[in-house]
Amino acid sequence: MEFINQMEPWFDEKEREAINNYMLAGGWVTEFKKTREFEDEFKKYTGSEFCSIVANGTVSLTIALIACGIGIGDEVIVPDYTMVATPNSAELIGARAIFVDIDRKNLCMDIQKMKNAVTSKTKAVMLVTINGRYTPDLEEFVSFCKENNIWLIEDAAQSLGSFYKGKHLGRYGDIGSFSFSAPKIITTGQGGALITDNEELFEKIKKIRDFGRDKGGSDHYLVKGWNFKFTDLQAVVGIEQMKKLAYRVERKKQIGHLYEKNLTNISGIELIPTDYTQTSPWFIDVLVENRSELISFLKKNNIGSREFYPPLHSEPAYNYSCSFPVTEEISRKGLWLPSSSFLKDEQIIYVCDKIREFYNR
Ligand SMILES: *Cc1c(COP(=O)(O)O)cnc(C)c1O
């Protein structure tokens, strides 16, 4: 029996043909028309006014902060439970990541704890809609940040295909950021996107990603900028992946439902409530007892799984002595189960049967 990886990218002959056709047409590989086309498709899907595709989801967050004028000594509030790129994107430009705990119901930043962490140095809040789940406090995040002159940046890297009240995640904040790294729902190997409805921010973003130039090829620098550009070779892959997005979004929801149905009434495993009308789960995430034994048991049965991120504040990179009990608890119990969108129903049922077998031993 073949090993079921926790997550795999999914390409087929469409991407191969597109790359081949692109190269045959004599493209320069670097970013140009195909990147603009990918941006147009991304705007259409998310409904945003403006989109900028960049090198990866870490620099897209950094660009968002720079565009908002954030820099050395400013404080950026981030959740303790997220991918490490969220705080690191702020630290890269000399800002300070301030961690706050999450809400156990949806694993997103706890709004009350965010409010308590605001100081006179707070310039931005980075709200991570982790695993495509919204927080019902989303509109309150927006209004609180507005009232207090704080930028709201949504790290929606795990939320492509997920909505709140019918509006795509990443569109509530001043800027929304996405990633196309290998484990994401669609991938270009590496890649990131920024979306916004704010033209002024978009104009800054375009310059920041291209050395601060007023337009491509011109050597006149209006702002300080760097090279965070994409490549057209990746964009041709991205355009093909976008065509598959709608199917994958639905399939991830079906996979979520199937796991839910087959994992209920097992003591030792807790599911996180998910609103599948709005959320397309990036990974299937569960809270489990005896996690390391379960991981080895699954592995012996050809099933891959992956532990949740650790509480970032306590990692050697930060080493803060504070405590965030909700993050600490869910990081200790959290497990990601096989989640690739090409998985067959039989494979998911097999995984669930093995989990049941483990807890009934
Ligand atoms: C994947 C991810 C990122 C980083 O994206 P890269 O493209 O890998 O740099 C940032 N934030 C979250 C929440 C992510 O899941």
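For this chain, numbers begin at 1 and follow the sequence in order. Excluded from the calculations below are hydrogen atoms, water molecules and symmetry mates; all remaining heavy atoms, backbone and side chain alike, are included. Remember, it's 1-based here, ligands and their atoms both numbered in the order they're listed.
No donor-acceptor contact under 3.5 angstrom links the side chains of R171 and T46, judged on distance only.
W336 has its ring centre less than 6.0 Å from the ring centre of Y309. In summary, the aromatic rings of Y318 and H313 are positioned with their centroids too far apart to meet the 6.0 Å limit.
The only member of F178, F180, Y45 that meets ring-ring contact (aromatic ring centres under 6.0 Å, His included) when paired with F38 is F180.
Partners of K34 according to the salt bridge (Lys or Arg N to Asp or Glu O under 4.0 Å) rule, which considers only residues two or more places apart in sequence or in another chain, are E37.
With a 6.0 Å radius and a threshold of 12 heavy atoms from other residues, nucleotides or ligands, N227 has its CG atom above the threshold.
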Distance dump, ligand 1 polar atoms to protein, N/O, under 3.5 Å:
from, atom 1, to, atom 2, distance (Å)
ligand 1, 5 (O), S179, OG, 3.2
ligand 1, 7 (O), G57, N, 2.7
ligand 1, 7 (O), S179, OG, 2.7
ligand 1, 9 (O), G57, N, 3.3
ligand 1, 9 (O), T58, N, 2.9
ligand 1, 9 (O), T58, OG1, 2.6
ligand 1, 11 (N), D155, OD1, 3.3
ligand 1, 11 (N), D155, OD2, 2.7
ligand 1, 15 (O), Q158, NE2, 2.9
ligand 1, 15 (O), K184, NZ, 3.2

